[in-house]
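Before any comments, here is the structure.
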Amino acid sequence: MAPSSLSGKTMFISGASRGIGLAIAKRAAADGANVALVAKTAEPHPKLEGTIYTAAKEIEDAGGHALPIVGDIRDENSVTDAVAKAVEAFGGIDVCVNNASAINLGSIEEVPLKRFDLMNGIQVRGTYTVSQACIPHMKGRENPHVLTLSPPIRLESEWLKPTAYMMAKFGMTLCALGIAEELREAGIASNTLWPRTLVATAAVQNLLGGDEAMGRARKPSVYSDAAYAILTKPSSYTGHSLLCEDVLLESGVTDLSVYDCVPGSELGVDLWVDTPNPPGYQG
């Protein structure tokens, strides 16, 4: 049986100093979960809100136990050390969330190799590295889950660009789906989760149109509530590429408008998704 909450569970999450990752961590913390968060932001960033330490305080204030760890998920030793600290502090790992991501929507003619390496390093190598380090400490736990924040793989021509970002995000999904098959018999779930619409984050604010784009977005809670619904399912539920809104409707939410940043606004549809709402939804 899956737990009805994440009380007493330990979550290891990458890149949770702000935005969606922090929202997922705080939702787990509301149950009293332990959260080990690894991120690079130790000092305030001029364009980005929050640090790993302010995030840890928010997690504690939400009711959880936080362990902030400054680290680079592209670096094997950094990740190994971070996971060891989490296990020492909390005794094991029940949930691994691959949230960290970098974004650049330029074309192959516009994205230099340095940015290509950054995106694929964080998204693909980082997801692989964090998952690989966590998995030994998840075996034998009750209801262990890996959750990777990446899109369904869509191979229609319109979704094969921008090349670098597409490769990085699809790489996360391929990693997650591979993990699902490799660990199916070990009872460790691995799924991906992606929103149907824009979500109000710093990336949307800074890269996708500022306040106008934020007005067409849903709140980060659309992601955190959906993640929570998945993480409290039995770990036999594995190998799925899921969309937040579909998960929420299946879990009993009847009105998705509660997640709209601006009530009644026309929502912006995210990459690799066709419509803002599930088929048949009457909002």
Heavy-atom side-chain contact between L105 and L271 under 4.5 Å: yes

Sub-4.5 Å side-chain heavy-atom contact between C244 and P195: yes

E156 CD: over 12 foreign heavy atoms closer than 6.0 Å: yes

E88 atom CD, neighbour heavy-atom count above 12 within 6.0 Å: no

Closest heavy-atom pair and its distance - T238, A189: OG1-CA, 3.5 Å

Straight-line distance of R125 CZ to Q132 CD, nearest 0.5 Å: 9.5 Å

Other residues, nucleotides, ligands: >12 heavy atoms within 6.0 Å of L160 CG: yes

Any side-chain heavy-atom pair of D225 and V253 under 4.5 Å: no

Whether over 12 other heavy atoms sit under 6.0 Å from E181 CD: yes

Nearest non-hydrogen partners of H65 and F90, listed with the distance: O-CZ, 3.9 Å

Full working for salt bridge (Lys or Arg N to Asp or Glu O under 4.0 Å) between E60 and K26: CA-CA 8 Å; E60 296 270 355; K26 287 168 65 176; over 6 Å; no

Flag side-chain contact, heavy atom, 4.5 Å: M166 against K161: no

Hphob cluster co-occupancy, I122 + V70, side-chain heavy atoms under 4.5 angstrom: no

Check against side chain to side chain contact (heavy atoms under 4.5 Å, CB included), V97 and M11: CA-CA 7 Å; V97 180; M11 173 184 288; 4.1 Å; yes

4.5 Å side-chain heavy-atom contact, W194 and S241: no

CD on E182 to OG on S131, rounded to 0.5 Å: 11.0 Å

In one Ile/Leu/Val/Met/Phe/Trp/Tyr side-chain cluster, 4.5 Å: V146, Y128: no

Shortest non-hydrogen separation from F170 to L155 and the atoms involved: CE2-CD2, 4.4 Å

With sequence neighbours excluded, residues passing side-chain contact (heavy atoms from CB on, under 4.5 Å) with V111: N104, R115, F116, M119, A164

H137 vs F12, side chain to side chain contact (heavy atoms under 4.5 Å, CB included): CA-CA, chis, key distance, verdict: CA-CA 11 Å; H137 305 286; F12 188 95; over 6 Å; no

Nearest-0.5 Å distance, CD of residue E245 to CD of residue E250: 13.5 Å

Qualifying residues under side-chain contact (heavy atoms from CB on, under 4.5 Å), relative to S265, sequence neighbours excluded: V262, L267

Least distance between heavy atoms, Y223 atom then L193 atom: OH-O, 2.5 Å

Spacing of M138 atom CE and S190 atom OG [to the nearest 0.5 Å]: 8.5 Å

Sub-4.5 Å side-chain heavy-atom contact between I59 and L37: yes

Residues in side-chain contact (heavy atoms from CB on, under 4.5 Å) contact with A133, at least two apart in sequence or another chain: V79, V83

Main-chain N/O of E266 paired with R216 side-chain donor or acceptor, under 3.5 Å: no

Over all atoms of both residues, closest heavy-atom pair of P152 and L243: CD-CD2, 4.1 Å

Any donor-acceptor N or O pair under 3.5 Å, side chains T129, E76: no

Which atom pairs, donor and acceptor, lie under 3.5 Å between side-chain atoms of residues 276-283 and protein residues at least two apart or in another chain?
residue, atom, partner, partner atom, Å
N277, OD1, R218, NH2, 2.7
Y281, OH, L256, N, 2.7

Partners meeting side-chain contact (heavy atoms from CB on, under 4.5 Å) with K85 (sequence neighbours left out): L67, I69

Salt bridge (Lys or Arg N to Asp or Glu O under 4.0 Å) assessment of R196 paired with D246: CA-CA 9 Å; R196 282 182 169 273; D246 303 41; 2.7 Å; yes

Minimum-distance pair of heavy atoms, taken over all atoms of I179 and I135: CG2-CD1, 4.3 Å

T127 OG1 to N99 CG distance, which is reported to the nearest 0.5 Å: 9.5 Å

Residue list, side-chain hydrogen bond (donor to acceptor under 3.5 Å, both in side chains) with S17, at least two apart or on another chain: none

Spatial distance of atom OH (Y237) from atom CG (N143) [nearest 0.5 Å]: 13.0 Å

Heavy-atom side-chain contact between N98 and L147 under 4.5 Å: no

Heavy-atom side-chain proximity of M167 to V124 below 4.5 angstrom: no

Test item: H145 side-chain N/O and K233 main-chain N/O as donor-acceptor pair under 3.5 Å: yes

Evaluation steps, side chain to side chain contact (heavy atoms under 4.5 Å, CB included), between Y259 and V199: CA-CA 10 Å; Y259 295 106; V199 174; over 6 Å; no

